[in-house]
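Notes follow once the structure below has been shown.
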Amino acid sequence: MAQPLVKKDDDRDDEAEYSPFLGIEKGAVLQEARVFNDPQLDPRRCSQVITKLLYLLNQGETFTKVEATEVFFAVTKLFQSRDIGLRRMVYLMIKELSPSADEVIIVTSSLMKDMNSKTDMYRANAIRVLCRITDGTLLTQIERYLKQAIVDKNPVVASAALVSGIHLLQTNPEIVKRWSNEVQEAVQSRAALVQFHALGLLHQIRQNDRLAVSKLVTSLTRGTVRSPLAQCLLIRYTSQVIRESATSTQTGDRPFYDFLEGCLRHKAEMVIFEAARAITELNGVTSRELTPAITVLQLFLSSSKPVLRFAAVRTLNKVAMTHPMAVTNCNIDMESLISDQNRSIATLAITTLLKTGNESSVERLMKQITNFMSDIADEFKIVVVEAIRSLCLKFPLKYRSLMNFLSNILREEGGFEYKKAIVDSIVILIRDIPDAKESGLLHLCEFIEDCEFTYLSTQILHFLGIEGPKTSDPSKYIRYIYNRVHLENATVRASAVSTLAKFGAMVDSLKPRIFVLLRRCLFDSDDEVRDRATLYLNTLGGDGSVVETDKDVKDFLFGSLDLPLVNFETSLKNYEPSEEPFDINSVPKEIKSQPLAEKKAPGKKPTGLGAPPTAPASTVDAYEKLLSAIPEFADFGKLFKSSAPVELTEAETEYSVNVVKHIFDGHVVFQYNCTNTIPEQLLEQVTVVVDASEAEEFSQVVTKPLRALPYDTPGQIFVAFEKPEGVPAVGKFSNMLRFTVKEVDTTTGEAEEDGVEDEYQLEDLEVVAADYMLRVGVSNFRNAWENMGADCERVDEYGLGPRESLTEAVNAVINLLGMQPCEGTEVVPSNSRSHTSLLSGVYIGNVRVLVRIAFGIDGPKEVAMKLAVRSEDEAVSDAIHEIVASG
Amino acid sequence: MLLALLISNSVGNILVERYHGVPAEERLHWRSFLVKLGADNLKGAKNEELLVASHKSVYIVYTVLGDVSVYVVGKDEYDELALAEVIFVITSTIKDVCGKLPSERLFLDKYGKICQCLDEIVWTGILENTDKDRIKRLIRLKPPAEF
């Protein structure tokens with residue numbers, strides 16, 4: 001609530017010290033509202049009372065149903081007054097009160113009268129009020145007037161009707177859609193704001209009709225748009241049209257690009273920005289297209305207006321994610337923004353610099369950031385931490401200074417989310433950069449010595465249990481872990497016990513000492529801690545002597561729970577305590593619907609603790625579990641690779657199907673993820689008929705059809721093929737979905753007895769050479785290259801023919817090979833004539849492969865490359881050359 | 001969509017608060033978030049100097065005007081630049097109504113009129129009028145001068 005003003009300095013002029021609403025109280029104001037009922041209305045007094053009511057409502061005060069009704073009825077009496085100021089207040093008040101449907105009737109006739117009034121402004125306001133309080137039936141009654149109002153000469157009336165239309169489209173779309181002729185006319189209005197509102201409404205009405213939107217854009221980009229706001233909308237709609245038509249016009253000039261580029265010279269900054277942003281977000285934007293947009297954005301970086309600086313740096317930040325080289329020209333301007341008073345701008349500048357910086361600038365940047373970190377809020381710090389994590393993965397050689405930075409900020413004050421972001425980052429760096437492991441683990445150990453967050457302590461302990469025993473000197477971590485048993489709460493103590501047990505299981509020489517520590521835990525005050533200690537003492541075996549731990553015990557300690565947690569939970573809930581112990585084998589292993597990881601995997605940020613190592617691996621884990629639950633695939637051996645889902649249907653078709661290719665040594669399994677998007681249908685006996693006539697080396701061995709595919713419940717069909725073992729066979733497969741379709745009564749949800757057999761053609765699918773390559777990076781390419789040696793090196797030169805740009809050629813080769821680019825070498829600096837990419841991967845049969853490709857481009861865009869392959873097996877080196885030669 | 005318009009006094013008490021498309025249960029969070037944002041950053045800011053922030057996919061532009069702080073929150077087409085336009089209309093209208101930079105007292109004295117102006121500027125989350133002279137006429141139910 002607002003409080004009375006604090007007493008001001010004496011020398012301030014004589015404004016009264018107290019708020020006019022001092023001591024305002026709802027009951028009293030409601031009493032005062034009785035003046036609305038006076039036969040002789042006092043407009044001034046009535047306006048004052050309404051102001052008080054508005055003040056109360058704006059303070060979050062609420063009226064009970066009775067109070068609101070009473071006020072509403074009283075306010076409607078004020079329509080009798082002819083005082084203009086009071087009428088304006090009445091309109092406002094009715095909107096604020098939002099009367100219920102049964103009350104609206106009282107005021108409808110007065111408003112209808114105003115809506116037909118000769119006074120334009122009565123019309124405009126009455127429209128706004130009516131549309132706010134109206135329902136469908138009333139709307140059909142006033143529709144005629146609204147259509148007239150849209151094309152009213154008075155811009156205020158037209159705008160009122162158009163904005164009401166935007167509002168009503170949410171609740172009564174079928175009515176508003178009937179106004180499109182009038183709205184179309186309003187788009188041509190000479191009044192700037194009318195055009196803006198009309199354009200917004202017209203686009204919303206037609207948004208699902210691509211052709212109509214395209215026509216709208218085509219006509220408006222040729223004509224004149226009066227308001228900068230409307231011009232911005234037009235640019236947005238234009239980008240939408242470009243996006244949707246992009247696929248068909250890959251080769252030629254991009255449609256509407258000239259329009260966007262022209263907008264970069266508009267006089268309104270808002271329009272310039274919108275155009276620059278639209279250009280930077282074009283699919284597959286080329287550096288030639290980007291340059292003019294980046295140039296205007298760079299100018300705005302040094303603008304005196306913070307909003308412009310913010311908008312510029314925000315856009316460049318986004319560009320830096322996909323085209324870091326295009327942004328490097330702006331680095332100097334951006335560095336000066338690090339000290340910008342507006343911390344949002346400074347944070348964006350820093351994170352952009354982190355994305356565009358090169359290896360040599362890392363140290364300098366880190367110095368600047370250190371000063372900056374102390375005076376920003378946690379949410380900004382998290383953004384910076386995430387940017388540093390990406391930078392470190394990009395330049396693994398710089399891990400030392402970046403890891404030090406992370407450990408320093410870990411020691412400083414901060415909230416949970418911030419600390420979690422730092423810990424997650426350290427964990428990811430440990431996993432991805434082997435050299436960083438030992439120092440990273442020690443930083444985490446030091447952190448848990450003084451960590452106030454139970455969640456983080458337990459997660460770090462869990463991680464230590466997995467990674468610690470694999471280090472050169474595991475014993476040095478024991479002290480930190482055992483300290484937890486003395487100093488922390490029960491949850492952390494229990495985690496520490498588990499971690500100790502893992503060290504005991506993995507490091508035989510430590511086992512006797514771990515036993516001593518675990519025995520001490522038997523006297524803990526908490527039963528979970530004691531139980532764990534007892535359990536581990538019994539399972540580790542050997543009674544504390546230096547013996548090797550059983551494989552079963554290791555599996556028990558380190559293996560993942562091979563059950564879907566949901567199923568496990570249900571089974572446990574259904575279990576009734578009895579003589580018979582709970583049997584874990586009774587838990588069903590089948591996963592009912594598509595695994596979540598698969599849906600979320602693209603674009604998912606790598607999570608740190610708690611998740612299995614890095615995002616792709618977590619998907620692989622999910623797939624492995626899924627496949628291992630199917631007995632027919634049991635003898636296929638270990639899953640080598642699962643591809644990203646490939647769509648076999650277009651978006652928004654009746655049935656949506658994508659496929660994941662699972663590669664095994666001697667087999668390939670296609671997992672068809674199917675979704676039925678028609679509520680009125682139930683599909684049964686769903687299978688995919690695969691024609692492998694263009695894939696000679698493959699022969700179909702198993703098909704696992706789907707018994708039923710109800711609406712909106714994804715299901716999976718599997719088809720397995722045998723192929724020559726260890727051979728990277730390729731081929732093309734055509735697919736047909738075959739099923740029995742049954743009508744479903746959507747009201748009861750019951751399906752009819754009889755169904756009809758039907759088929760649905762899916763897109764073709766290819767198994768390509770890249771499917772046999774795992775994208776696995778190396779932290780230090782040069783070391784890895786030297787270590788691999790030149791024994792199995794194969795070098796050859798290739799001409800790639802005419803190409804759009806060097807970048808396009810580099811990406812094509814990387815995609816062809818399916819390998820992981822290292823050290824940021826997938827990015828080609830703009831205007832380069834030559835470039836070297838370093839790639840790493842693991843080829844089927846677990847053979848590590850490193851590739852060094854030198855690209856060059858000459859005048860007529862002819863690209864040539866020299867490909868050097870090193871691997872542990874010369875046959876594999878040859879195979880890589882074959883992929884390129886045949887690709 | 002213009003999600004929120006909030007005006008507070010110098011110590012963070014709310015004077016005007018309007019939301020559109022923000023669920024009731026989230027409003028309190030927004031209120032405290034904005035007030036904290038102002039408390040952290042508006043100290044020492046010049047009158048009408050715009051500050052800007054983004055939170056998830058939502059943009060915030062805010063400023064100080066005499067004794068009051070003004071915040072606008074938007075998303076989609078109401079990005080930081082459109083919001084700058086909105087806040088410019090709001091501040092110039094308030095100055096116009098008050099006749100000078102508003103003290104809190106002056107703002108509250110003109111409260112009814114300011115509410116009417118805001119109603120002309122932003123309605124159901126959409127920017128409706130951008131010209132202070134026109135708004136001045138509209139609240140007196142006079143048609144725009146150029147018409």
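Naming convention: chains lettered A, B, ... in sequence-line order (proteins, then strands); numbering from 1 in each chain. Atoms considered below: every heavy atom in the structure, side chains included; atoms not considered: hydrogens, waters and symmetry mates.
Note: A:Pro20 leads A:Pro20, A:Ala124, A:Cys131 in heavy-atom pairs under 4.5 Å with chain B. Counting heavy-atom pairs closer than 4.5 Å to chain B, the top-ranked of the candidates A:Thr119, A:Ile50, A:Thr51 is A:Thr51. Of the listed residues (A:Met89, A:Lys95, A:Arg314), the one with the most heavy-atom contacts under 4.5 Å to chain B is A:Arg314.
The line from CD of B:Glu85 to SG of A:Cys232 is 9.0 Å long, rounded to the nearest 0.5 Å. With rounding to the nearest 0.5 angstrom, the SG atom of B:Cys115 is 9.5 Å from the CG atom of A:Leu57. The distance from the CG atom of B:Asn41 to the OG atom of A:Ser344 is 7.0 Å, given to the nearest 0.5 Å. Here B:Glu77 contributes atom CD and A:Leu233 contributes atom CG; the two are 6.0 Å apart, rounded to the nearest 0.5 Å. Rounded to the nearest 0.5 angstrom, A:Leu193 CG and B:Ile126 CD1 are separated by 12.0 Å. With rounding to the nearest 0.5 angstrom, the CD1 atom of A:Ile84 is 6.0 Å from the CG atom of B:Leu141.
Residue B:Arg134 comes nearest to A:Val156 through the heavy atom pair NH2-CG2, 3.7 Å, listed as atom of the first residue, atom of the second, then distance. Residue B:Leu127 comes nearest to A:Phe196 through the heavy atom pair O-CE2, 3.9 Å, listed as atom of the first residue, atom of the second, then distance. Looking at every heavy atom in both residues, A:Arg128 comes nearest to B:Trp123 through O-CZ2, 3.1 Å. Closest approach of A:Leu92 to B:Asp119, counting heavy atoms only: CD1-CG, 3.5 Å.
Within 6.0 Å of atom CD in B:Glu26, more than 12 heavy atoms from other residues, nucleotides or ligands are found, so the atom counts as buried in its surroundings. The neighbour count for B:Phe88 CZ, taken as heavy atoms of other residues, nucleotides or ligands under 6.0 Å away, does not exceed 12.
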Margin query: Assess the residue pair B:Leu15 and A:Asn58 against the criterion (side-chain contact (heavy atoms from CB on, under 4.5 Å)); give the C-alpha distance rounded to whole Å, side-chain angles, the decisive distance to 0.1 Å, and a yes or no.
Written below: CA-CA 7 Å; B:Leu15 302 174; A:Asn58 275 334; over 6 Å; no

Margin query: With salt bridge (Lys or Arg N to Asp or Glu O under 4.0 Å) as the criterion, how do B:Glu80 and A:Arg309 come out once you've worked through the C-alpha distance, each side chain's angles and the decisive distance to 0.1 Å?
Written below: CA-CA 11 Å; B:Glu80 64 273 44; A:Arg309 296 199 301 273; over 6 Å; no

Checklist line | From CA spacing to verdict: side-chain contact (heavy atoms from CB on, under 4.5 Å), A:Met121, B:Arg140 | finding: CA-CA 9 Å; A:Met121 302 316 292; B:Arg140 286 182 287 147; over 6 Å; no

Next item on the list: Mind running salt bridge (Lys or Arg N to Asp or Glu O under 4.0 Å) on B:Glu120 and A:Arg88 for me, showing each step along the way?
Entry: CA-CA 11 Å; B:Glu120 295 290 353; A:Arg88 183 68 189 80; 2.9 Å; yes

Next item on the list: Output, in order, the C-alpha distance, side-chain angles, deciding distance and verdict of salt bridge (Lys or Arg N to Asp or Glu O under 4.0 Å) for B:Lys142 and A:Asp120.
Entry: CA-CA 8 Å; B:Lys142 295 227 165 71; A:Asp120 288 345; over 6 Å; no

Checklist line | side-chain contact (heavy atoms from CB on, under 4.5 Å) between B:Val61 and A:Phe310, worked out | finding: CA-CA 11 Å; B:Val61 175; A:Phe310 178 84; over 6 Å; no

Next item on the list: Kindly indicate, with the supporting measurements, whether the criterion side-chain contact (heavy atoms from CB on, under 4.5 Å) is fulfilled by B:Asp79 and A:Arg277.
Entry: CA-CA 12 Å; B:Asp79 59 11; A:Arg277 219 172 261 167; 2.8 Å; yes

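Only the side chain of A:Leu229 has a heavy atom closer than 4.5 Å to any heavy atom of chain B. Only the side chain of B:Tyr78 comes within contact range of chain A, with heavy atoms under 4.5 Å apart. In this structure, no portion of B:Ser10 lies under 4.5 Å from any heavy atom of chain A. Using a 4.5 Å cut-off between heavy atoms, A:Glu274 touches chain B through its side chain atoms alone. Using a 4.5 Å cut-off between heavy atoms, B:Tyr59 touches chain A through its side chain atoms alone. B:Arg137 does not touch chain A: none of its heavy atoms, backbone or side chain, sits under 4.5 Å away.
Contact annotation: the side chain of A:Val307 never approaches that of B:Leu51 to less than 4.5 Å [non-hydrogen atoms, C-beta and beyond]. Looking at B:Pro144 and A:Asn154, their side chains come closer than 4.5 Å, going by heavy atoms from C-beta outward.
The backbone N or O of B:Ile14 sits less than 3.5 Å from a side-chain atom of A:Gln59, completing a donor-acceptor pair.
In summary, the aromatic rings of B:Tyr111 and A:Phe21 are positioned with their centroids under 6.0 Å apart.
Contacts of residues 162-170 of chain A with chain B at a heavy-atom distance below 4.5 Å involve A:Val163, A:Ser164, A:Ile166, A:His167, listed in sequence order.
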